[in-house]
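The block underneath contains the structure these notes are about, expressed in structure tokens.
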Amino acid sequence: MVAGPSYIDPTAYLDDLLSQASPDLMRQMLQGFTNQILSTKV
């Protein structure tokens, strides 16, 4: 029997990763995100 493609709920996956993340990782992610937004040219 061949298993079909598995489905991963992106929201639950992200929540799981973020619940295990250190505050430093969160800071780095937020800083990178903010820098990308601020450097975007319109």
Side-chain angles (χ1 to χ4, degrees):
M1 177 180 273
V2 176
S6 62
Y7 174 76
I8 298 174
D9 180 17
T11 304
Y13 180 69
L14 185 59
D15 284 342
D16 186 40
L17 288 178
L18 292 178
S19 69
Q20 298 173 19
S22 72
D24 290 333
L25 175 62
M26 294 297 295
R27 247 182 248 117
Q28 289 173 352
M29 289 173 59
L30 183 58
Q31 183 180 24
F33 179 71
T34 303
N35 287 339
Q36 286 294 323
I37 290 175
L38 294 176
S39 68
T40 302
K41 296 180 181 173
V42 184

Task: Point-to-point distance, once rounded to the nearest 0.5 Å, from CG of Asp15 to CG of Asp9 - done: 8.5 Å
Open item on the list: A quick test of your reading: do over 12 heavy atoms of other residues, nucleotides or ligands sit less than 6.0 Å from CD of Gln36?
Closed with: no
Task: Side chains of Asp24 and Gln28, donor plus acceptor under 3.5 Å - done: no
Task: Side-chain (Asn35) to main-chain (Gln31) donor-acceptor, under 3.5 angstrom - done: yes
